[in-house]
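Structure first, then comments.
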Amino acid sequence: MISPADIIHLRSCVRLAREALNAGDSPFGSILVSGDGETLKEDRNQVVTKADVTRHPEFTLVQWAQKNLSAEERAAATVYTSGEHCPMCASAHAFAGMGRIVYASSTAQLVAWRVEFGVKAGPVAPLAIKQVAPGLLVEGPVAGVDEEVKELHRLKQQGVNV
């Protein structure tokens with residue numbers, strides 16, 4: 001069940017996604033929160049600006065968690081993200097033993113938005129997290145916040161910064 005604290009963290013993810021868009025990257029942002037509610041790490045998409053196709057925020061949070069958290073701390077943590085993990089990020093999350101994922105918008109929504117905006121499909125199958133890593137605890141999409149994410153993707157396709 002999505003709590004008021006979850007909504008606050010998701011809105012922070014949208015802020016990070018907006019920062020990514022303004023930097024020239026696709027609008028994705030993520031936050032790693034400890035089991036006791038402390039924000040441990042934030043990141044945003046940096047694929048274009050860092051010229052690294054693996055610079056997805058969910059992936060970099062997993063890398064950070066592996067270096068800085070015990071297995072128990074990773075399992076108790078939550079990754080909040082503006083968009084559902086791609087297959088690469090979902091796999092990393094599962095292999096690292098990370099905890100809950102809460103996302104604002106789903107892969108299915110992103111696929112539909114891309115069709116609506118006339119954007120061709122990407123090079124990787126648009127699989128849901130549960131298709132890649134069925135054992136993960138996943139919640140999303142979140143009504144209202146998902147529309148904020150859609151607007152950022154629409155602006156990206158129009159070449160508009162916010």
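Position 1 is the first residue of the sequence, and the numbers go up from there.
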With a cut-off of 6.0 Å (strictly less than), are more than 12 heavy atoms of other residues, nucleotides or ligands near CZ of Phe117?
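Count over threshold, so yes.
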Would the number of heavy atoms belonging to other residues, nucleotides or ligands and lying under 6.0 Å from NZ of Lys50 be above 12?
no
Rounded distance [0.5 Å steps], [atom1] in [X] versus [atom2] in [Y]:
X	Y	atom1	atom2	value
Arg100	Leu136	CZ	CG	13.0 Å
Ser12	Ile31	OG	CD1	4.0 Å
Cys89	Met98	SG	CE	11.5 Å
His9	Glu42	NE2	CD	10.0 Å
Leu155	Leu21	CG	CG	6.5 Å
Glu84	Glu58	CD	CD	10.0 Å

Co-membership, hydrophobic cluster, residues [X] and [Y], 4.5 Å side-chain:
X	Y	answer
Tyr80	Tyr103	no
Val14	Ile2	yes
Phe28	Val132	no
Val79	Val33	no

Remaining members of hydrophobic cluster (4.5 Å side-chain criterion), Phe59:
Met88
Considering only heavy atoms from C-beta outward, does the side chain of [X] approach that of [Y] to under 4.5 Å?
X	Y	value
Asp6	Val142	no
His153	Pro27	yes
Val145	Arg11	yes

[X] to [Y] - nearest heavy-atom pair and separation:
X	Y	result
Ala20	Ser26	CB-O, 3.5 Å
Asp25	Val48	OD1-N, 2.6 Å
Ser30	Leu61	CB-CD1, 3.6 Å
Leu127	Thr107	O-OG1, 3.7 Å
Ala23	Thr49	O-CG2, 3.1 Å
Gly24	Lys156	O-NZ, 3.2 Å

Step-by-step side-chain contact (heavy atoms from CB on, under 4.5 Å) determination, Trp64 to Leu40
CA-CA 10 Å; Trp64 183 89; Leu40 299 173; 3.9 Å; yes
Hey, mind stepping through Asp43 and Leu16 against side-chain contact (heavy atoms from CB on, under 4.5 Å) and telling me if it holds?
CA-CA 7 Å; Asp43 201 7; Leu16 291 165; over 6 Å; no
Hey, is the main chain of Lys120 close enough, under 3.5 Å, to the side chain of Arg114 for a donor-acceptor pair?
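At least one qualifying donor-acceptor pair exists.
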State whether the side chain of Ser82 and the backbone N or O of Ala104 hold a donor-acceptor pair below 3.5 Å, judged by distance alone.
no
May I have the step-by-step check of side-chain contact (heavy atoms from CB on, under 4.5 Å) for Thr60 and Arg55, ending in yes or no?
CA-CA 7 Å; Thr60 60; Arg55 283 302 304 250; 3.6 Å; yes
Could you list the residues that satisfy side-chain hydrogen bond (donor to acceptor under 3.5 Å, both in side chains) with Arg74, not counting sequence neighbours?
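Arg74 satisfies side-chain hydrogen bond (donor to acceptor under 3.5 Å, both in side chains) with no residue once adjacent residues are dropped.
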Run the numbers on Glu151 and Trp113 for side-chain contact (heavy atoms from CB on, under 4.5 Å), then give the verdict.
CA-CA 10 Å; Glu151 179 62 11; Trp113 299 338; over 6 Å; no
